[in-house]
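Reviewing the structure listed below.
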Amino acid sequence: MFSNAMTLYRVVNPDSLGSYTELLHHQPTAHRVDDAEALPRLREWALAVLGRTEERFGMYQIALMPLDQHDRPDENAFHDLIADDTEVIEDYLCWSGCSELVPAGEG
């Protein structure tokens, strides 16, 4: 049984105070929420998912998140970990509609 999931969220209205996230995909994983070596795999998974979808230009949040009793990402438990100063695996990426956008000088 898995206790965590790789998650991909779309950041809606990232330039406003009213921004929020919308869950697009999640996949159970054996990685721990605080497993720093999981970030490259999480990023690779998220880019593969975006590449298979019709998602257009935008900002996306990726994270390893605990699962609830229904095997759905438990955002409250994730925020509790952050409040307890637990290192969590979380990052953002910008998607062009066909590839990841990176700041000038990084690619």
Side-chain angles (χ1 to χ4, degrees):
M1 184 165 162
F2 297 104
S3 61
N4 296 308
M6 296 184 290
T7 59
L8 174 63
Y9 288 84
R10 179 184 312 121
V11 178
V12 181
N13 300 325
D15 293 332
S16 74
L17 291 175
S19 69
Y20 61 94
T21 57
E22 174 184 22
L23 180 64
L24 298 177
H25 297 281
H26 73 282
Q27 177 178 319
T29 183
H31 287 288
R32 293 184 329 270
V33 173
D34 61 351
D35 182 359
E37 295 177 12
L39 184 57
R41 181 168 180 236
L42 174 63
R43 186 178 231 30
E44 182 180 312
W45 169 81
L47 291 171
V49 168
L50 286 168
R52 291 190 309 265
T53 65
E54 294 183 15
E55 290 298 321
R56 301 201 184 276
F57 176 81
M59 180 180 286
Y60 297 84
Q61 177 193 28
I62 56 177
L64 279 180
M65 192 167 293
L67 291 172
D68 65 15
Q69 65 271 19
H70 305 291
D71 292 330
R72 299 278 304 158
D74 189 338
E75 294 176 27
N76 290 331
F78 185 75
H79 293 301
D80 289 346
L81 291 170
I82 293 170
D84 291 341
D85 288 330
T86 300
E87 254 333 285
V88 295
I89 303 303
E90 173 185 38
D91 203 1
Y92 292 85
L93 56 90
C94 291
W95 180 248
S96 72
C98 61
S99 64
E100 180 180 12
L101 296 173
V102 295
E106 279 192 33

Legend entry - Hydrophobic cluster membership, Leu39 vs Val49, 4.5 Å side-chain cutoff: yes
Inset, instruction - Taking the side chain as every heavy atom from C-beta outward, state whether Pro28 and Asp71 have any atom pair closer than 4.5 Å. - result: no
Legend entry - Leu50-Ile62 co-clustered via ILVMFWY side chain contacts under 4.5 Å: yes
Legend entry - Test item: Asn4 side-chain N/O and His31 main-chain N/O as donor-acceptor pair under 3.5 Å: yes
Legend entry - Point-to-point distance, once rounded to the nearest 0.5 Å, from CD of Glu75 to CG of Asp80: 12.0 Å
Legend entry - Within-4.5 Å side-chain heavy-atom neighbours: Glu55 and Leu24: yes
Inset, instruction - Please indicate whether Glu22 has more than 12 foreign heavy atoms, meaning atoms of other residues, nucleotides or ligands, lying under 6.0 Å from its CD. - result: yes
Inset, instruction - Given side chain to side chain contact (heavy atoms under 4.5 Å, CB included), test Glu100 with Arg43 step by step and report yes or no. - result: CA-CA 10 Å; Glu100 180 180 12; Arg43 186 178 231 30; 3.1 Å; yes
Inset, instruction - Verify side chain to side chain contact (heavy atoms under 4.5 Å, CB included) between Met59 and Trp95, making sure each step is shown before the conclusion. - result: CA-CA 6 Å; Met59 180 180 286; Trp95 180 248; over 6 Å; no
Inset, instruction - Examine Met65 and Ile89 and state if one hydrophobic cluster contains both, with Ile, Leu, Val, Met, Phe, Trp and Tyr joined whenever side-chain heavy atoms are less than 4.5 Å apart. - result: no
Inset, instruction - Please test Glu90 against Phe78 for side chain to side chain contact (heavy atoms under 4.5 Å, CB included), starting from the C-alpha separation and ending with a verdict. - result: CA-CA 10 Å; Glu90 173 185 38; Phe78 185 75; 4.0 Å; yes
Legend entry - Residues that Tyr20 engages under side-chain contact (heavy atoms from CB on, under 4.5 Å), provided they are two or more places apart: Val12, Asn13
Inset, instruction - Give the minimum heavy-atom separation between His26 and Leu23, together with the two atoms involved. - result: ND1-CD2, 4.2 Å
Legend entry - Atom pair CH2/CG of Trp45 and Leu8 - distance to nearest 0.5 Å: 5.5 Å
Inset, instruction - Report the C-alpha distance between Val11 and Tyr92 in whole Å, list the side-chain angles of each, state the deciding distance to 0.1 Å, and finish with yes or no for side chain to side chain contact (heavy atoms under 4.5 Å, CB included). - result: CA-CA 9 Å; Val11 178; Tyr92 292 85; 4.0 Å; yes
Legend entry - Point-to-point distance, once rounded to the nearest 0.5 Å, from CG of Leu64 to OG of Ser3: 10.0 Å
Inset, instruction - Identify the heavy atoms of Pro73 and Leu67 that sit nearest to each other, and give their distance. - result: N-CD2, 3.8 Å
Legend entry - Backbone N/O of Asn76 and side chain of Asp74: donor-acceptor pair under 3.5 Å: yes
Legend entry - Rounded distance [0.5 Å steps], OG1 in Thr29 versus CZ in Arg32: 11.0 Å
Legend entry - Cluster link Tyr9 to Tyr60, ILVMFWY, side chain under 4.5 Å: no
Legend entry - Point-to-point distance, once rounded to the nearest 0.5 Å, from CG of Leu93 to OG of Ser99: 11.0 Å
Inset, instruction - Find the distance between CZ (Phe57) and SG (Cys94) and round it off to the nearest 0.5 Å. - result: 6.0 Å
Legend entry - Expected output: side-chain Thr7 to main-chain Ala63 donor-acceptor under 3.5 Å: yes
